[in-house]
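One structure is given here, and the rest of the page talks about it.
For the numbers below, each heavy atom of this structure counts, side chains included, while hydrogens, waters and symmetry mates do not.
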Amino acid sequence: MIRPITFDEQIARAKDDGGVYRNIYPHDGILWGCEITSTSTEIEIASGLFTMCGRMIWVDGKTVFPLEEPLQNGYAQLKSKIDLNNANTQEECAQWATEIVYSTTANFPQLTQEDINGTGKIYEQELAVVKLENGNITEITRKLQNAGIDAEKLGGKFPENYLQASGHQKLNGKLWIIQDNTHLRMMQNAPTGAVGGWYIDSNSSSGSFRIAQLKPDGAHLATAVEINTGRSASFYGNISSNGNISSNGTITGAKMSVSGAITGASASTTGAITAGGAITATGGITTPTNVIANKYYTKDSSAYLFSWRNAWIYSCVLYIV
């Protein structure tokens, strides 16, 4: 049976609309507003709109969720639940409710998420998790993020094309943040080490392009690669390649190690240069330690050169003398 729904005098059911929105927003989250904050004993959600399995939830003004006191050390989870087994009225929606669950750890029972736009009846989503210490909420450890967009349904472009000019979006389990159209940050969900993510940066003042590491709080940690407007590239670390390294300009690094050849106008490192193939530098090779290669070539006779092959030859000459 075919049942037209978006026509005069026809009925569009909740699951009809929910199926459409779920197809566009396959990941639950905030559409606008709904900033989640906390006081010492309460979780607060500001006015806005968020979606759960395609169902729209409107927050009409700041809503407060008090925790049961006295607060015990551990964690509290604020979650929302859709239960289609309940019957709604025009005055009250009995199919949606919130619940606060407590735990000694940050782990909580798995959420029930049935297809409520199909044959399912129950769907739960976590809104926030807070840490409890000494009778107070000390921090929000997790909270609902922006709704993920299925870009394929909106034109087939990459999802990042639909990010706001300034804002953030959760895509494929990662948090992408754009700032003033110059920074694209890719944060880990729950970083545990010194590195919290990576970002690509276009410096508007110098015109340089950078790839750098971020701290867990999103601040700059260390630059890995930088390319300036003259097309010169700087690598802040060791250069390692399974193929050849070739440049029309200067090759500079802390240490170079390649299985193929190194070719450039000149080569300069603070560490060793190692190559399985030839090292060619028309401007000279400078290194305070070793140059190890099958062969080398340089037009600069004053360049410091050393290889295991030379060491063997020099040893033979000294022995003969």
Side-chain angles (χ1 to χ4, degrees), residues 1-7 9-36 42-68 74-130 140-154 169-173 189:
M1 175 181 177
I2 297 177
R3 185 176 60 85
I5 56 175
T6 55
F7 294 87
E9 305 303 325
Q10 300 303 303
I11 297 176
R13 301 169 301 176
K15 65 169 52 180
D16 297 328
D17 273 349
V20 172
Y21 287 122
R22 183 62 165 177
N23 202 37
I24 297 174
Y25 299 102
H27 307 290
D28 297 347
I30 297 169
L31 297 178
W32 64 270
C34 294
E35 181 183 4
I36 299 174
E42 299 172 334
I43 300 173
E44 300 177 344
I45 301 181
S47 60
L49 186 72
F50 66 92
T51 178
M52 292 175 55
C53 196
R55 305 300 178 97
M56 298 299 159
I57 313 297
W58 179 34
V59 183
D60 184 14
K62 183 175 74 173
T63 304
V64 176
F65 301 89
L67 274 59
E68 294 180 3
Y75 295 83
Q77 178 194 55
L78 172 63
K79 69 176 182 178
S80 57
K81 179 179 180 180
I82 296 173
D83 187 349
L84 301 185
N85 294 305
N86 300 329
N88 290 333
T89 65
Q90 290 187 354
E91 292 75 24
E92 181 183 5
C93 179
Q95 294 180 341
W96 186 86
T98 58
E99 180 184 1
I100 296 178
V101 182
Y102 297 88
S103 173
T104 56
T105 70
N107 299 319
F108 291 87
Q110 184 175 355
L111 299 170
T112 300
Q113 294 187 333
E114 300 174 356
D115 182 11
I116 57 174
N117 300 313
T119 59
K121 297 294 184 180
I122 306 294
Y123 191 91
E124 298 176 320
Q125 182 54 267
E126 179 181 275
L127 300 181
V129 172
V130 295
I140 299 176
T141 59
R142 295 196 300 267
K143 60 183 177 180
L144 191 66
Q145 300 294 327
N146 281 8
I149 300 176
D150 190 338
E152 184 179 356
K153 305 297 188 302
L154 299 176
Q169 183 113 19
K170 192 173 183 181
L171 301 171
N172 298 325
N189 281 337

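- A distance-only check finds a donor-acceptor pair linking the side chain of T63 to the backbone of G61 [under 3.5 Å].
- Annotation: the span from I43 atom CD1 to I36 atom CD1 amounts to 8.5 Å, rounded to 0.5 Å.
- A salt bridge links E126 with R142: at least one charged nitrogen is closer than 4.0 Å to a carboxylate oxygen.
- A heavy-atom distance below 4.5 Å is found between the side chains of L144 and Q125.
- Residues I45 and L78 come closest through the heavy atom pair CD1-CD2, 4.2 Å.
- In this view, R22 and D28 satisfy the salt bridge (Lys or Arg N to Asp or Glu O under 4.0 Å) rule, not counting sequence neighbours.
- For Q10, the CD atom is densely surrounded, since the number of other residues' heavy atoms within 6.0 Å is greater than 12.
- Counting heavy atoms from C-beta on, the side chains of R3 and D16 come closer than 4.5 Å.
- R55 contributes a side-chain N or O that, together with a main-chain N or O of I116, makes up a donor-acceptor pair within less than 3.5 Å.
- Taking both residues in full, the closest heavy atoms of Y75 and V129 are given as CD2-CG1, 4.2 Å, listed atom of the first, atom of the second, then distance.
- Judged by distance alone, the side chain of Y25 and the main-chain N or O of L31 form no donor-acceptor pair under 3.5 Å.
- With values rounded to the nearest 0.5 angstrom, I122 atom CD1 is found 12.0 Å from C53 atom SG.
- Atom CD1 of residue I57 and atom CD1 of residue I82 lie 5.0 Å apart, to the nearest 0.5 angstrom.
- Take N86 and apply the side-chain contact (heavy atoms from CB on, under 4.5 Å) test, not counting sequence neighbours, and it matches D83, A94, Q95.
- In this structure, I24 and P26 approach most closely via the heavy-atom pair O-CD, 3.1 Å.
- Considering every non-hydrogen atom in both L67 and A76, the closest pair reads CD2-CB, 3.7 Å.
- Surrounding OH of Y21 are at most 12 heavy atoms belonging to other residues, nucleotides or ligands under 6.0 Å away.
- Nearest heavy-atom pair, L127 versus F50, reported as atom, atom and distance to 0.1 Å: CD2-CE1, 4.0 Å.
- In plain terms, the two heavy atoms of E124 and Q113 that are nearest each other are O-NE2, 2.9 Å.
- Within a 6.0 Å sphere centred on CD1 of I5, other residues, nucleotides and ligands contribute more than 12 heavy atoms.
- Pairs of residues two or more places apart, or lying in two chains, never qualify as salt bridge (Lys or Arg N to Asp or Glu O under 4.0 Å) while including a residue from residues 100-114.
- No donor-acceptor pair closer than 3.5 Å links the side chain of R13 to the backbone N or O of G18.
- A heavy-atom distance below 4.5 Å is not found between the side chains of F108 and K79.
- Taking CH2 from W96 and NZ from K81, the interatomic distance works out to 13.0 Å, rounded to the nearest 0.5 Å.
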